[in-house]
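A short worksheet on the structure shown next.
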Amino acid sequence: MGIEKSKGYQQVIKWLKLSRKKPFRFQTDAWQYYAEGYCGLVNAPTGFGKTFSLFLAVVIEELNSRAEKTSTASKKKKTDTGLKLIWITPLRALAKDLARAMREVCAELELDWQVSVRNGDTTAAEKLKQKKQMPEVLIITPESMHLLLAQKDTSAHFHHLQCIVADEWHELMGSKRGVMAELAISRIRGIVKEKHPERLLRIWGISATIGNMEQALEVLVPYSEVLKIIIKADIEKKIKIKSILPDHIDMLPWAGHLGHKLAHKLLPIIHKSKTTLIFTNTRGQAELWYQNLLALDENLAGQIAIHHGSIDYELRNWIEDALHSGILKAVISTSSLDLGVDFKPVDTVVQIGSPKGVARFLQRAGRSGHSPHETSVIYFLPTHALELVEAAAIKEAAKTQQIESRDPIVMAFDTLIQYLVTLAVGDGFDDQKIYREVKETHAFSELLPSEWGWIMQFISTGGDSLSAYTEFSKVLKKEGLWKVESRQIAMRHRLHIGTIVSDPMLKVKYLGGGYIGMVEESFISKMKPGNSFTLAGRVLEFIMVKEMTALVRRSKLKRAITPSWMGGRISLSANLGNILRKKYNETLDKNHEDEELDIILPLFERQAKVSHVPKSDEFLIELIHTKDGYHFFAYPFEGRQVHEVMAALIAYRLSRKTPISFSIAMNDYGFELLSEYPIPLDEENIKALFSPENLGEDIVGSINSTEMAKRKFRDIACISGLVFQGFPGKYTANKHLQSSAALFFNVFTDYDKHNLLLRQAYDEAFYQQIEEPRLLAALQRIQVSKIILIKAESYTPLCFPIKVDSLRENMSTEELGQRIERMTAEADQKTRPVHMKSRKKNDHHL
Amino acid sequence: MTIICKGEELILSKERAIYWAAQKMLIISDLHIGKSAHFRKHGIQVPSGIGEHDLQRLAGLIDLYDPQTLLITGDMFHHKNNSEVNVFSEWRKEFSKLKVLLIKGNHDKLSPVEYVSLNIELIQKELICTPFRFIHEQPGSTDASYTISGHIHPGVTLYGKARQRLNFPCFYFGENYAVLPAFSAFTGLSRIQPQKNDRFYAITPSGVIAV
């Protein structure tokens with residue numbers, strides 16, 4: 001290989017030797033390929049220096065070029081300074097740490113580079129500084145990249161740009177922020193090509209392992225004329241998964257049952273580790289667990305903290321710093337710490353409840369034992385008995401590396417519209433040039449000229465081809481370029497770039513002053529004055545909402561009634577569902593090595609006795625008649641989202657033959673249809689009922705796809721600039737311009753049927769909400785499975801969690817607890833041995 | 001749908017209007033002429049046919065009921081003079097014999113001269129027409145008279161099976177006061193807390209139904 005001989009390389013190796021380090025093979029590979037002008041993707045586990053694989057590549061090149069310059073004795077011009085590397089990162093938590101690490105490297109190598117961060121948290125003063133003199137390395141979010149493009153004279157920034165890196169690319173791809181990144185990269189590349197056609201702009205990505213690495217590279221670097229490579233680190237990260245096992249399990253499991261009972265087993269783990277990261281799936285759970293742990297051990301007060309995206313910036317920073325320096329013992333978190341942040345003191349990670357997917361689980365496991373060669377230890381705490389099987393499944397998936405793919409988003413018209421207006425607000429754009437650039441991106445490679453035409457019309461005339469009363473004014477053509485002339489429109493646009501929120505957030509502030517954090521508007525709207533809730537671990541009493549801020553005071557209560565938070569109902573992935581079905585086989589046959597399955601064996605034996613444990617090639621259906629009515633339970637194991645659609649589909653098909661109405665419930669394992677009357681089902685008609693034929697039409701008939709499309713449209717309306725959320729503390733929309741996404745949805749449906757944003761809403765509903773491809777695959781699998789139809793007289797272990805979840809929505813915790821007790825008692829009685837069959841006097845009607 | 005309120009027979013039309021035959025009066029609220037033009041001026045892509053369609057519907061109602069008076073309980077115009085106001089001006093000429101009364105709403109900001117030129121009689125606060133008192137915005141307290149107001153753009157949510165929810169504009173007739181739905185299609189909805197003895201009439205595509 002070539003570059004080992006170069007000065008820059010030598011310097012870096014020497015520096016690494018000082019701390020007794022040697023570069024990994026994949027790092028030197030990356031440096032070599034970079035030097036040869038390749039673009040590519042680095043796939044390495046966290047903690048093994050994936051940042052350095054690319055950062056040092058750029059540094060080495062810089063050192064080499066400086067060495068050359070001194071040897072030819074030309075002076076270093078001031079104009080040689082400027083932006084050389086753009087480092088895109090999805091989360092703000094990452095940026096600080098990255099900047100810190102990079103500055104250390106530069107200092108130690110005596111490289112006089114500036115490294116700055118630019119995102120929503122960057123101050124105005126800092127931004128001004130950057131405008132005057134761009135740092136050599138800019139760590140930035142996709143939104144902030146667009147904000148840069150929304151300024152004037154942006155092309156001046158890229159005169160010295162050598163490389164763009166998209167960090168955590170697996171995280172960006174699959175969301176509209178990834179599309180934003182694709183578009184920004186396409187524009188910057190276009191600018192560089194125009195001003196410096198000889199420059200080789202290298203585009204690289206860093207990604208955790210996902211199922212579709214090749215596609216991930218294509219999405220990031222869609223250009224056919226460049227050299228591309230995927231560099232995979234040949235390092236096996238050792239992960240040890242330990243389940244926290246209950247001492248005894250109840251035969252009838254339900255979600256939430258176990259979790260808090262096992263909390264006391266969590267304490268010794270926290271105490272014996274230096275620092276622990278505890279992950280939960282939802283914000284509400286994070287707050288609940290915080291309260292629980294404090295209740296169990298008061299000494300933890302001051303040593304544990306909560307960390308999730310909606311906590312105020314300063315508080316978040318403090319927590320990150322405290323964790324890094326070891327002051328905090330445990331942090332409870334949702335996804336904000338999910339990604340590659342280097343917290344060395346963390347030696348233990350706990351996952352509460354199933355992470356629902358292998359990729360997510362592995363990434364979280366990577367948070368511990370961060371330095372290379374340390375084994376990552378992750379504890380799994382099940383919140384109900386059946387999750388233990390998920391634990392066993394995840395162990396296997398991790399071992400065999402069966403990891404989910406991230407599907408890239410395509411044809412996001414709302415994001416494209418936002419982008420074009422961004423360019424118009426900045427230096428203006430030439431529509432022919434930009435059309436060519438946009439067509440090159442993966443997201444819009446299939447864009448039709450008619451669709452582009454519609455979008456141009458949308459932003460220039462408001463969608464009308466001819467209208468006598470075009471007062472519409474947004475983007476106009478001036479001197480050959482499309483620009484936004486109105487300062488008001490420009491300001492409004494800049495303020496709302498990057499709004500990818502479905503639920504506007506309100507700031508939470510004490511009445512006397514002092515910010516605590518942020519909370520979803522939908523959450524606060526359920527509150528009445530005097531209600532209490534927890535945020536950032538504090539119990540607060542709600543007073544009122546004023547100007548997009550929720551005012552609160554400290555509550556006298558020790559615990560709050562935490563109404564359930566929206567968001568974060570992740571569904572079981574297809575991967576995991578697959579392995580899960582396999583594990584169900586193994587449990588009863590006892591041919592496994594998982595201790596989780598040993599503990600859960602009695603539950604499976606009960607299921608086998610009163611019903612059946614489905615094998616991978618079987619499809620189980622239970623018809624149960626209880627005092628609640630006639631139940632139909634089916635177990636596809638395809639995740640709650642698919643089950644929601646499947647249940648509606650089956651209900652629709654059944655009701656077409658006989659007029660019968662159902663109420664529906666579901667979880668990740670299966671779904672329930674409940675009717676007052678017997679359900680006409682037998683072995684013959686089941687396969688027909690679950691047939692993949694006519695799926696499209698039947699979905700439209702059974703689901704209120706309009707309602708789903710409306711929900712998707714909320715984001716679309718925001719992103720494309722039709723509707724504005726108030727920005728806490730920053731900007732309250734002109735009250736004469738206030739409206740809602742629902743209003744636009746209705747108005748477009750009635751007056752502008754061919755609106756592309758409307759179409760996008762329906763497409764997103766079908767692909768993301770309804771997951772049609774996955775649903776189809778499931779139905780096809782059912783067709784070739786053996787149908788097992790069981791008729792039972794009482795609730796079975798497998799159906800119980802679905803039943804309980806369905807009651808949860810309408811009952812308080814006490815009512816639910818009592819109801820569960822009664823249901824359990826009834827089921828227990830029915831499975832008792834024969835001689836106890838006589839009815840007892842206090843059998844109640846449920 | 002015809003109802004009796006305070007002894008008076010009122011026809012509730014699915015085109016979001018009330019016809020009071022005894023007074024030959026067509027009553028609507030919150031027409032918001034110029035709203036879509038206002039949005040469009042600020043770069044928000046509201047389809048331009050809406051304003052025209054609203055006026056067409058109004059013309060249809062006038063043709064159907066042949067009223068002597070058109071009473072608008074506020075928010076006839078959305079903001080300031082714009083192209084939609086000019087369209088209205090032309091439309092107005094077609095119904096020169098019709099008397100148009102407007103109770104000033106929070107959005108009505110044209111100058112007195114402009115109202116005169118549009119042949120609209122502007123009423124500052126209220127119009128009393130026994131047994132009703134017409135105002136724009138319902139005050140917090142209630143009094144002896146039965147007020148009919150607009151302003152809030154009332155809506156009602158109907159729940160169906162399988163967690164379906166649909167929102168519709170509605171007529172609200174409470175014990176002490178009534179609220180008219182917004183006439184314009186380009187308005188949102190806000191919900192009223194139902195009390196005892198309240199009557200809601202939802203406006204669905206197929207007609208007005210009592211809820």
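Throughout, protein chains are lettered first and strands after them, A, B, ... in sequence-line order, and every chain is numbered starting at 1. The structure displayed is predicted, hence computed values, not measured ones.
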How about A:Lys712: does its NZ atom have over 12 heavy atoms from other parts shown lying under 6.0 Å from it?
yes
In Å, rounded to the nearest 0.5 Å, how long is the span from CG of A:Asp752 to CD1 of B:Ile50?
9.5 Å
Quick one: of A:Val747, A:Val475, A:Asn755, who has the most non-hydrogen atom pairs under 4.5 Å with chain B?
A:Val747
In terms of heavy-atom proximity below 4.5 Å to chain B, should A:Ser473 be classed as side chain, backbone, both, or neither?
both
Within a 6.0 Å radius of atom NZ on A:Lys710, are there more than 12 heavy atoms belonging to other residues, nucleotides or ligands?
yes
Taken to the nearest 0.5 Å, the spacing of B:Arg40 CZ from A:Thr461 OG1 works out to 7.0 Å
How about A:Glu676: does its CD atom have over 12 heavy atoms from other parts shown lying under 6.0 Å from it?
no
A:Lys474: partners by salt bridge (charged side-chain N to carboxylate O under 4.0 Å, His left out), with sequence neighbours left out
none
Parallel under 30°, tilted from 30 to 60°, perpendicular over 60°: which one fits the rings of A:Phe744 and B:Phe39?
tilted
Nearest heavy-atom pair of A:Tyr751 and B:Ala185: which atoms, and what distance?
OH-CB, 3.9 Å
Heavy-atom contact with chain A under 4.5 Å, split by part of B:Ser36
neither
Run the numbers on B:Gln45 and A:Leu757 for side chain to side chain contact (heavy atoms under 4.5 Å, CB included), then give the verdict.
CA-CA 11 Å; B:Gln45 296 92 339; A:Leu757 296 175; over 6 Å; no
Show the nearest heavy-atom pair for residues B:Gly43 and A:Phe472, with the distance to one decimal.
C-CE1, 3.4 Å
Residues at least two apart in sequence or cross-chain that pass ring-ring contact (aromatic ring centres under 6.0 Å, His included) with A:Tyr419, listed by chain then number, are A:His146
